[in-house]
Structures are given as C-alpha cells and as structure tokens.
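Labels below follow one simple rule: chain letters A, B, ... track the order of the sequence lines, proteins then strands, and each chain is numbered from 1.
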Amino acid sequence: MTTLSHAPASSRPIPNPKKSLITKLNMGTGIVVGVIFCWGTYFAMKAGRDMTDSHNVNKVLLMSMFAWSIGFLIGIGAFIGPFRWLIGKDLTDEEQLYLAVDGQGWKRYFKYCTDHKVVGIQYLVGVMALLGVGGTMAMMIRTNLATPGSHFVTPVVYNSLVGLHGITMIVAMIIVATGPFGNYIMPIMIGAADMAFPRLNALSWWVLFTAVPVLCSAWFLGGIPTGWTAYAPLSDQAGPGMNAFVATIIIFAVSTAVAGMNITTTVVAMRAKGMKWNRVPIFVIGATISVALAIPAFPTFMVAMIQTGLDRTIATGFYDANVGGSGWLYANLFWIMGHPEVYVILIPGVAALMEIAPVFVRKPLFSYNAAIAGFAGIAGLSVLVWAHHMYMAGWMPSLNGPFMVTTEFISVPTGLLFLVLIGTLWRGRPWMKLPMLCVYAFIWNFLIGGITGIYLSDVPADNYLHGSMYVTAHFHYTLMGAALTGAIGGLAYWFPKMTGRMLNERGGYISFWFIQIGFNVLFLGMFIVGAEGQPRRVADYAHLYSHANLISTMGAYSVGIGMIILLWAIVHSWRSGKIAPMNPWGAKTLEWTVPYPVPLVNFDQPPVVTSDPYGYGRSAK
Amino acid sequence: METATPSKARTTIGALLAVVLGIVVVAGVGLTLHSVSADPQPKLYATKVGTITAADGKTYNHYTIADGVYPDPINSKAHGNCATCDGGHPSWPSYGPYTDFVLPANSYITVTLTVYDSGEKLNTPYFGSVVGTVDGTVSYDGVAKTSLPPDGVEHTFTLHGLPTSTQDPLFVNVPLPVNTDAEMKAYNADPTKLPVGHKVVFSFLTHGAGNYVWNCEYPCGDSTYQGFGAVMGQLGYMSGKVSVVNG
Amino acid sequence: MADHESELLAPTPGARVSTFLKRKDVSQTLLLWVFFTAVFVVLGLWAYPKWMPVVLSKQMQANEDIMIWFTVISAPIAGVVLSIAAKSFLNMHRGDTPPEDGVAIRTNGPVVIVWTATSVLFCIVAIVWGLVALNTESIAAATDAPKSLIVDVTGSQWVWSFYYPQQNIHTHTLNLPVNQPVTFNVMSADVNHSFWPVQLGVKIDANRLVTTVAHADPTATGPLDVKCAELCGLYHAYMETSGAVESPTDFNNWVSSIQATGGVQQ
C-alpha cells in the first residue's frame with residue numbers, strides 16, 4: 001500500500017489504470033450480468049420440468065435468485081481480486097487505489113468502492129430506503145386494522161404485509177447503526193485509515209444490495225403467509241413467494257458474517273496508538289459487541305433457511321412431522337438467532353446515545369465500566385434465553401423454569417444501561433439539540449419496553465400474553481422506540497461529519513415530536529388490545545377491540561408524517577443545509593478532528609490517544 | 001457546490017410540499033395495493049322464493065343460492081368467463097362461478113351445490129360430519145345423510161366467523177361427495193368432459209347481520225404440506241366471504 | 001452550587017446524606033419520583049383489571065396478579081429513572097453554543113452497587129414469583145388429572161374442533177362445567193396453531209402428530225372466546241370460536257342435547 005499517500009486528495013493525480021477491467025464495472029454492469037444469470041438459470045431449469053409441482057417451482061425460483069446474486073457480484077467486479085489470487089496475482093496498486101475511487105465524485109457510490117466512508121453512505125441510503133418500504137407497509141397494516149372487517153386488503157395481502165414489513169424492518173434495523181455509523185464513523189473514531197478488509201467491506205454492502213430485489217420479488221410471487229418468523233411447517237406449505245424470503249435470509253447472512261468479521265477485526269487490530277481498551281469510545285464497544293454477537297447468531301438462521309429451502313425443493317422433511325421432522329427444530333434454530341438478534345439491533349442504538357449524552361450534558365459518561373458490563377452481560381445472557389419464545393410451544397415444558405431464570409436476569413445488565421444514562425444526566429444541564437432529545441425518548445420508550453419484557457418473560461403471564469398484540473407492542477417499544485430512536489439520534493449527531501452540513505433543526509424537532517407522540521399513542525393502543533386478548537398478526541378482529549385499534553392507527557399516521565418530515569429534513573439539509581464546522585458539538589472523539597470531506601486515509605498524521613474521550617466537566621471539588 | 005441559503009418561507013413551503021408528496025406516495029401505494037388485492041369475485045345474492053316454516057315452528061323468509069364445485073377454475077368460471085384468465089393454475093379446483101355470497105339476516109337459506117371433482121381423505125375426520133343445517137342432514141342426490149366417510153370426501157363447505165359481541169355465531173359444515181375415478185379419468189383426458197356431477201342440497205338459518213368466511217377443509221393444495229398450500233392459500237377458489245345483511 | 005460543596009465537606013456520612021437530601025435539585029427529583037411511582041402504581045392497579053378479560057379460572061387469576069403486582073413492584077425503579085431524566089430535562093439549556101461543563105462525576109461505586117443489588121433483588125422477586133406460580137400450576141395439573149374433564153382439541157387450518165372422549169361428543173364450541181378441572185390434549189392436523197381459550201388464561205401450541213397438554217381450573221361461569229395465537233396462514237384471523245364456562249347442570253344439558261343428535265354438535 002505504498003501508493004496511499006497522506007497528501008490531500010487534490011494534490012494527487014487521479015488513479016487511472018486504463019486497461020483494467022475494474023474501471024469498466026459498476027452497479028449497471030452488475031445488474032445486467034445479474035439479470036442475465038437470473039433469467040438464464042430460470043429458463044434453463046424450467047425446461048422439461050413439471051411446473052405444476054410446487055417443488056419444481058421452488059427449485060427453479062430459488063436457483064434463479066441465487067444466480068442473480070452471484071451474477072451481480074461478478075458483474076460489479078467483486079471477484080476480480082480473488083480470481084487473480086487463483087492465478088498467483090493480485091490487483092495492482094493503481095487498481096487498488098482506483099477501487100477506493102479517490103476523487104471520482106458521485107460515481108463512486110455506484111461502484112465496488114472500498115473506501116469505508118463511501119460504504120457508510122451506501123448503507124445510510126440503503127437503510128433509509130428499507131425503512132421507507134417497511135414503514136409504508138406498516139401504514140397499510142394499520143389502515144387495514146383501523147376498523148374491524150375493513151377489508152382494505154385481503155387476508156393474503158395482509159399476511160404478506162405483516163411478514164414483509166417484519167423482515168424488511170429487521171434487516172434495516174440490524175444495519176441501521178452499524179451500517180452507516182459503523183462503517184463511516186467508527187474507523188475514524190478509533191483513528192484507523194480504513195477498515196481492516198476494505199474489499200470485504202464493499203462486498204458486505206453489495207451482497208446486501210442483491211438481497212433487496214430478491215426480497216421485493218416476494219410481492220410478485222404471491223407474497224408470504226408466515227410472518228417474519230417464517231415458522232415451519234407453514235413455510236413448507238407456503239407458495240412461491242416464500243422462496244424469496246429463504247434466498248434473502250441466506251444472502252443476508254453472508255453479508256452480516258462478512259461485515260461482522262470486518263468490524264470486529266478493525267476494532268481489535270487497528271486502533272490508534274494509545275487507544276487502550278479503556279479509552280475506546282463506547283459506541284465502538286457497543287457496535288463491536290453487537291456484530292460479534294451477530295457472527296454466531298446468523299448462521300443458525302441461515303441453516304434454518306437452508307433446511308426450509310431443502311424441504312421445499314427436494315422434500316427433505318426437516319420440519320415435516322409426517323416423515324419424522326419437527327417444527328420445533330425450526331423454532332429452536334430460529335430463536336437461537338432470534339433473541340441475540342434483538343440485542344444485535346438494540347446495543348448499537350444505545351451505544352450511540354451513550355456517545356451522545358456526555359457531549360450534550362458536558363459531563364463524563366457515568367461509569368464507563370458499567371456500560372461495558374451492561375453490553376457484555378446482555379450479549380452473554382442473550383444466547384441462553386431463546387426458548388422463552390417457545391414457552392407455549394409444548395416443546396419442553398420442563399425447561400420453562402430455567403429459561404425464565406436466564407431471561408429475567410437480563411434485566412440486571414439492562415438496568416446498568418439505564419444507570420449509565422441517568423448517571424450521566426444527573427446534575428447535568430443538557431444542551432437540548434435533536435440528538436439529546438433522542439436520549440430522553442429512548443429512556444421513556446425503553447423503560448416501557450423493558451418492564452413489559454419482564455411480564456412476558458414470566459411463564460405464567462406469558463401464558464396469557466404470548467402471541468397477542470401485547471408482544472407486538474413490547475418489541476416495537478424496544479426495537480423502534482429504543483433502537484431506531486438511538487439510530488435517529490446518531491444520524492442527527494453524525495450528520496455534519498457524514499454530509500458536511502447541519503441537519504435542519506426545525507424539521508428535526510417537528511419530526512421528533514410527530515414520531516415520538518405518534519409512536520406512544522400507536523403502541524399504547526396495542527398494549528390495550530393485547531391485554532384485552534387480540535392475537536397478533538390478524539387481518540380482522542372482534543368489535544371489542546375497535547376503539548383501541550383506531551387509536552393505534554391514528555398514532556401510526558402521526559409516525560408516518562413524522563418520518564416523511566424527517567426524510568425531508570435529511571434530503572433538504574444534505575443538499576442545501578448550513579455548512580457544518582469541523583466539530584459542531586464540541587465533542588472529544590477523533591472523528592471530530594478531521595475535516596469534511598474526510599481525506600481518503602482519514603488522518604494526515606496518525607493520531608495518538610492519551611485519554612478516553614469523556615474528559616468533560618469541572619472537578620466536583 | 002454551496003448554494004445560497006434558501007429563505008425561511010421557501011424552506012417551509014418545500015417541507016409542506018414534501019410532506020404532501022410523501023403522503024400522496026404512501027396513499028398511492030395503498031390504493032394500488034387495495035385495488036390489486038380487492039376481491040375480484042362477483043357476489044352472489046340469495047334469491048327469495050317464499051316463506052317456510054322451520055322445525056322450530058317459526059316462519060322464515062326462504063332464500064336460495066346455487067353454485068358449483070369444479071376441478072379447475074376454467075370450468076368453474078370463478079375468475080371471469082374466459083378460458084385464459086387463470087391459465088397459470090389450470091389444475092386448481094374451485095368453487096364457481098361464485099365464491100362470495102350475500103345472505104339476508106334471520107332467514108332460511110337453501111343452498112344447492114353441484115359438484116364435479118374427486119377427492120379422498122380429510123386431514124381432520126370431523127369435517128366428514130354434517131353440522132349446522134336445519135335438520136342436521138344434507139341431501140346428496142336426494143338421499144339425506146348426516147355424514148360422509150372421512151376418506152371419501154371431495155371438498156367441504158365450512159362456514160365460520162369471528163365470535164364478537166356484535167354478531168351471532170354461525171357455523172355450518174357440509175362435506176361434499178366424490179365423483180368416480182372413471183369419470184375423473186375421462187375429465188383428465190379431456191377437460192371439457194366434466195363428470196355428471198352430484199347435487200348437494202342443504203338449508204341453514206341465518207341470525208343477525210355479520211361478516212363470515214367459508215373455506216374448504218379437504219386438502220386440495222396438491223404437492224404442498226398437508227395439502228393446504230397452493231390453491232388453499234389463495235382467496236376465491238376454495239374460500240370466500242359470506243355476508244349476512246339486514247333487509 | 002455551594003450546597004454541593006458543603007455536602008462533600010460534611011464530616012460524617014450521616015451528615016452528608018442529610019445535606020444531600022436538603023439540596024434543591026434532590027428534593028425536586030424526589031418529588032418527581034413520588035409522582036412517577038404513583039402513576040405507575042395506579043396504572044397497574046387500575047389498567048390491567050380494566051383491560052384484561054373477565055377472570056374465569058385460577059390460571060387467569062395468576063396471570064392478572066402478575067401483571068398488576070409486577071407493575072407495582074417495578075414502579076419505584078421506573079420512578080427513579082424517570083424522575084432523574086425529567087429533572088435533567090427541565091434543567092435544559094437551549095441555544096447554539098454548548099452550556100458550560102457540568103460536574104465531572106466519572107462513577108460512584110456505592111450507587112452502582114446499590115443499583116445493581118436492587119435490580120438483582122427485583123429480578124429474584126420476579127423469578128421466585130414465577131417459579132412458585134409455575135410449580136403451583138404443575139402440582140395442580142398432576143393432582144387434578146384423575147378428576148379432570150378431558151377435551152381433545154384439534155386445530156385444522158382454520159377451524160377449531162373438539163372431542164370430549166368421556167362424553168363421546170364432537171363439537172365446534174368449547175363448553176366447560178365450572179369448578180371441574182379440565183385437561184386439553186391439543187393436536188394439529190397441519191401447521192402450528194396455538195390454542196388459546198382467552199378467559200381461562202392458558203395457551204398451548206398445536207403441533208402435527210404430537211399431543212401437547214394444557215390444564216385449567218375454571219372457577220366462574222361466563223362466555224369463553226377460543227382463538228388461534230400462532231399465525232397459520234390465510235384465515236388465521238378467523239380461526240376463532242366461542243364457548244362458555246357454565247354450571248354443571250347447564251353443561252350436562254348441553255352434552256345431552258349433543259348426544260341426542262348423534263354425538264355431533266349442530
């Protein structure tokens with residue numbers, strides 16, 4: 001990497017490896033090759049097969065989807081480097097520099113670009129698109145539930161809406177903080193020049209990108225009837241749309257494995273000189289624990305989905321009791337991923353807010369060690385609690401007691417997270433900017449999400465609440481009220497560094513109140529119908545539940561309007577917002593020491609760290 | 001690169017327009033989904049034929065409906081009167097030409113179903129029993145029976161709904177008889193040669209107004225788990241709506 | 001700010017606590033704590049009995065007790081979090097420049113220990129409560145077994161059906177006699193369902209080719225809603241039926257009327 005100079009981009013010639021294939025490839029060529037692979041596989045496999053047999057349909061569709069993904073990656077040039085290795089070569093220095101696409105303007109966002117800042121922006125835009133799609137589906141769901149017997153959409157479409165809203169949001173929320181901030185901000189925060197594996201970084205984004213059209217294709221293949229949990233054997237029985245779900249998860253699991261490994265390695269190996277473990281910013285700690293937790297979790301989901309795919313294509317019967325399989329096998333595999341996964345989502349959001357709180361309260365983070373203990377304790381316990389989703393499955397009633405114990409104990413490390421936040425707020429005079437408002441919204445929402453989680457983890461109460469709207473309200477409080485609020489706070493906080501401009505304040509505030517008030521109205525209504533006994537995922541319900549459902553729908557519309565205002569604020573500010581100073585919040589982490597645009601290798605001189613970044617405040621004495 | 005900071009008024013107008021645009025986009029998606037997913041099925045309204053005194057001694061208005069059960073959606077005309085409308089699924093059985101029914105409240109309903117398909121074994125033997133008809137029987141080609149053998153049922157007409165404080169319960173289950181293998185073989189060779197068919201007649205009482213659904217309990221979703229995928233997962237073939245209305 | 005300093009200069013721990021409590025921000029926080037705690041206590045005592053359906057069994061009573069008392073027990077802890085957050089919120093600084101730095105409190109050992117100990121204690125209370133309830137229920141299920149009414153429940157896409165082997169009747173509604181324990185043997189004919197007689201407060205999944213068991217002790221008469229709590233495809237929402245917990249006489253009349261029509265409920 002000798003060619004990577006520390007000189008500013010402007011004083012360096014733009015790399016131009018003219019003959020290299022790499023310069024010719026971009027998202028467009030990827031799509032072309034991907035589509036050719038997809039349709040080629042489709043027609044080749046369809047020929048001579050009896051397409052009235054659902055197994056054959058599943059084979060053809062699944063393989064076509066994977067072919068699209070592989071074709072796209074070939075077409076965008078993801079495999080040029082590995083291919084060269086096969087013949088004992090590698091990319092030339094000039095090609096590597098080109099891949100970082102230094103000085104090439106907006107086109108780099110559509111290339112296999114290895115610059116972590118470009119990948120961060122790609123993730124940010126991708127996440128916003130996914131949240132938009134998922135949110136639109138949420139509006140459809142709430143519209144259908146506004147009145148009993150509304151028939152705004154049919155049960156087929158409703159079930160698909162529920163499932164696709166779920167999986168879209170889960171995918172979006174898994175990457176919502178670690179994608180944009182973990183890629184753009186985190187390497188700068190630890191004083192690194194880039195991620196440990198820049199090509200894998202690009203790969204993780206573009207693999208994820210190929211999953212999006214696959215997931216969307218579910219709509220054109222008849223939808224999915226299973227919800228995002230895709231329980232077997234309902235998934236064995238489901239129509240062609242289910243293949244899109246199976247393929248999406250398998251592709252997504254590859255992306256998260258690559259990204260998780262990359263982020264973990266970067267933080268372990270590439271911290272600036274002097275950044276000992278007790279000087280690492282808390283967001284970095286949280287994001288690292290989160291992705292490290294994802295590394296073992298997602299492969300089980302992938303295995304579960306491979307087995308679903310095999311059941312559906314060659315009738316292996318993993319989940320078919322008629323031939324000796326069991327749906328409980330799926331449920332176990334799914335929740336072994338599923339419960340750690342909610343913390344994969346939650347931890348980076350909380351960690352972002354812990355990064356924000358000291359800056360705006362102008363006080364040190366209260367008990368840095370308790371924060372780490374909280375994250376580590378949650379991560380450790382989260383792999384031992386999965387069967388609390390299966391108390392009522394009948395799988396192993398004798399294990400309900402032990403799983404209740406492990407689950408309840410998660411409230412202890414979770415309590416530490418609250419302690420860190422309120423300890424930081426204590427005696428403070430908070431600077432009430434949008435990121436700080438998000439800290440307060442988080443505390444309120446996560447408190448409700450946390451306490452209702454304690455009821456749900458108690459077996460006798462779960463006897464009543466399991467599978468009801470109460471559960472839906474509970475996990476929206478944690479995933480949306482807490483984690484998404486954390487991510488919005490993070491966006492408001494790091495927006496100046498990522499775009500060079502300040503986020504429009506008025507738009508931010510208005511959207512904040514629309515979202516938070518709407519959110520609480522929405523899910524208060526859902527707690528009520530859940531306690532009253534309305535099952536979740538129902539397209540229609542008894543008149544008894546009509547008032548609270550209507551209230552929920554009105555709350556949902558308020559959230560929707562708030563999100564549109566936020567989107568406007570982001571787009572407007574990105575294009576013509578106030579130019580941001582280098583360190584608008586007066587923060588002490590390293591990312592605020594670099595200018596915008598951030599130079600290719602981030603720092604002109606590698607930084608040296610001599611303390612943790614929370615040295616705010618005057619002495620108490 | 002740097003543009004002049006837009007005026008406050010322009011920013012506000014821009015924001016409002018963005019919000020309106022956003023709402024229009026979301027509403028547009030919703031309305032598209034609504035119109036795409038709107039039940040394409042025509043509704044069959046029950047026809048009044050007079051009054052009748054039931055076993056409970058009360059006199060009811062007597063209404064009838066007639067429909068068929070076919071081995072394919074083309075013969076059933078459930079999806080429009082054309083041969084190519086459902087070319088994708090020519091082997092899916094279907095009720096037809098109607099799958100949505102509108103019945104008057106507090107009335108005596110007589111249903112005539114002409115059935116042309118074959119069948120075999122139910123997943124749940126219970127649905128071989130006749131439930132919810134006025135006298136507990138169904139007339140199969142003129143012979144009254146209270147049940148069919150659970151391994152010789154073609155499809156079922158199983159009517160149920162949400163128990164709510166504002167609508168009366170309504171539960172009817174009618175198993176339908178099979179046509180012979182020879183007839184089905186002839187049909188499979190030439191889809192225009194439907195079996196002669198069986199005439200199934202039954203009556204039930206509606207109560208207050210309400211929304212109900214019906215579905216088939218015979219596993220006719222071939223090659224899927226327990227036969228409840230494919231056609232069984234879609235509306236308008238082996239499932240539909242029953243609205244009981246006042247007046 | 002002077003009082004902060006006097007607090008730290010106070011000679012004994014007792015004196016430090018009393019100066020601490022006299023501080024204006026502390027007393028305001030305490031006031032807020034009382035308010036938030038009271039709100040949560042009232043919410044628990046008022047809302048759950050109002051929202052949750054009529055209690056028709058011991059199991060439902062146990063559920064409702066947990067909902068109410070866990071809310072009440074967690075109220076003081078929620079109060080601490082919310083009062084401190086609210087106090088700092090009310091102390092906000094607005095404007096385009098950051099406020100002056102606050103007090104550099106890096107950590108506070110006793111506070112961390114007390115907080116952790118409190119949450120462990122709360123956690124143990126919740127666990128013990130849950131385990132006792134679980135144990136009570138499994139003992140009851142075992143001792144009730146010989147005198148139980150048996151109901152075989154079958155979930156089929158998208159209809160519940162019931163068979164009472166002791167009475168030899170097939171039904172589509174779930175009627176039960178009051179004050180007699182009941183054992184549900186639950187099966188599915190196809191995909192997973194979840195059998196949920198709402199007012200009885202029990203729930204168990206229906207699986208293909210496996211019988212799962214649930215047990216309930218009906219203690220009061222009233223109408224019963226039976227729902228499916230596991231997404232099961234097209235008509236999941238409509239997989240509901242009704243029933244009742246009724247007096248033994250009414251139940252016997254109901255059984256006889258079904259036996260009179262060939263053992264199948266009409």
What part of [X] gets closer than 4.5 Å to chain A, counting heavy atoms only: side chain, backbone, both or neither?
{"X": "Glu64(C)", "result": "neither"}
{"X": "Asn108(C)", "result": "both"}
{"X": "Val210(C)", "result": "side chain"}

Looking at [atom1] of [X] and [atom2] of [Y], how far apart are the two atoms once the value is rounded to the nearest 0.5 Å?
{"X": "Ile204(C)", "Y": "His466(A)", "atom1": "CD1", "atom2": "NE2", "value": "9.5 Å"}
{"X": "Asp190(C)", "Y": "Asp236(A)", "atom1": "CG", "atom2": "CG", "value": "12.5 Å"}
{"X": "Ser367(A)", "Y": "Ile105(C)", "atom1": "OG", "atom2": "CD1", "value": "12.0 Å"}
{"X": "Trp69(C)", "Y": "Tyr455(A)", "atom1": "CH2", "atom2": "OH", "value": "12.5 Å"}
{"X": "Asp458(A)", "Y": "Ile66(C)", "atom1": "CG", "atom2": "CD1", "value": "4.5 Å"}
{"X": "Phe70(C)", "Y": "Leu456(A)", "atom1": "CZ", "atom2": "CG", "value": "11.0 Å"}

Could you pull out the closest heavy-atom pair between [X] and [Y], with the gap in Å?
{"X": "Trp431(A)", "Y": "Pro99(C)", "answer": "CB-CD, 3.5 Å"}
{"X": "Leu131(C)", "Y": "Met404(A)", "answer": "N-CE, 3.3 Å"}
{"X": "Gly130(C)", "Y": "Pro460(A)", "answer": "O-CG, 4.0 Å"}

Would you mind checking which part of [X] comes under 4.5 Å of any heavy atom in chain C, side chain (CB onward), backbone (N, CA, C, O), both or neither?
{"X": "Tyr231(A)", "value": "side chain"}
{"X": "Ser235(A)", "value": "neither"}
{"X": "Tyr614(A)", "value": "both"}
{"X": "Arg536(A)", "value": "backbone"}
{"X": "Asp540(A)", "value": "both"}
{"X": "Tyr440(A)", "value": "side chain"}
{"X": "Phe442(A)", "value": "neither"}
{"X": "Phe446(A)", "value": "neither"}
{"X": "Leu465(A)", "value": "both"}
{"X": "Val412(A)", "value": "both"}
{"X": "Asn369(A)", "value": "neither"}
{"X": "Gln237(A)", "value": "side chain"}
{"X": "Ala232(A)", "value": "backbone"}
{"X": "Leu447(A)", "value": "side chain"}

Could you tell me whether the side chain of [X] and the main chain of [Y] form a donor-acceptor pair under 3.5 Å?
{"X": "Asp205(C)", "Y": "Gly394(A)", "answer": "no"}
{"X": "Asp101(C)", "Y": "Lys363(A)", "answer": "no"}
{"X": "Lys203(C)", "Y": "Tyr464(A)", "answer": "yes"}

Between [options], which residue shows the highest count of heavy-atom pairs closer than 4.5 Å to chain A?
{"options": "Cys232(C), Gly109(C), Ala62(C)", "answer": "Cys232(C)"}
{"options": "Asn91(C), Thr212(C), Leu134(C)", "answer": "Asn91(C)"}
{"options": "Ala126(C), Ala206(C), Ala133(C), Ala86(C)", "answer": "Ala126(C)"}
{"options": "Glu137(C), Gln157(C), Lys50(C), Arg94(C)", "answer": "Gln157(C)"}

Less than 4.5 Å apart, side chain to side chain, heavy atoms only: is that true for [X] and [Y]?
{"X": "His93(C)", "Y": "Met436(A)", "result": "no"}
{"X": "Trp426(A)", "Y": "Ser88(C)", "result": "no"}
{"X": "Phe89(C)", "Y": "Pro430(A)", "result": "no"}
{"X": "Phe122(C)", "Y": "Ile454(A)", "result": "yes"}
{"X": "Val112(C)", "Y": "Leu419(A)", "result": "yes"}

If you tally heavy-atom pairs under 4.5 Å against chain C, which of [options] wins?
{"options": "Ala393(A), Ala321(A), Pro233(A)", "result": "Ala393(A)"}
{"options": "Pro364(A), Pro225(A), Gly467(A)", "result": "Pro364(A)"}
{"options": "Ile410(A), Leu234(A), Ile448(A)", "result": "Leu234(A)"}
{"options": "Glu532(A), Arg537(A), Arg429(A)", "result": "Arg429(A)"}
{"options": "Glu505(A), Gln534(A), Glu408(A)", "result": "Glu408(A)"}
{"options": "Thr229(A), Ile443(A), Ile224(A), Val405(A)", "result": "Val405(A)"}

#### Entry: Pairs flagged by salt bridge (Lys or Arg N to Asp or Glu O under 4.0 Å) wherever residues 225-234 of chain C is involved - sequence neighbours left out
none
### Task
Scan for side-chain hydrogen bond (donor to acceptor under 3.5 Å, both in side chains) pairs involving residues 112-133 of chain C, sequence neighbours excluded, and state none if there are none.
none
### Message
So that I can tick it off, tell me whether Lys433(A) and Asp96(C) are bridged by a salt bridge, with the cut-off set at under 4.0 angstrom between side-chain N and carboxylate O.
### Response
yes
### Task
Report the C-alpha separation of Asp612(A) and Arg106(C) in whole Å, then their side-chain angles, then the decisive distance to 0.1 Å, and conclude whether the salt bridge (charged side-chain N to carboxylate O under 4.0 Å, His left out) test is met.
CA-CA 11 Å; Asp612(A) 80 4; Arg106(C) 282 272 172 178; 2.7 Å; yes
### Query
What class does the angle between the rings of Trp444(A) and Phe40(C) fall in, given that below 30° is parallel, 30 to 60° is tilted and above 60° is perpendicular?
perpendicular
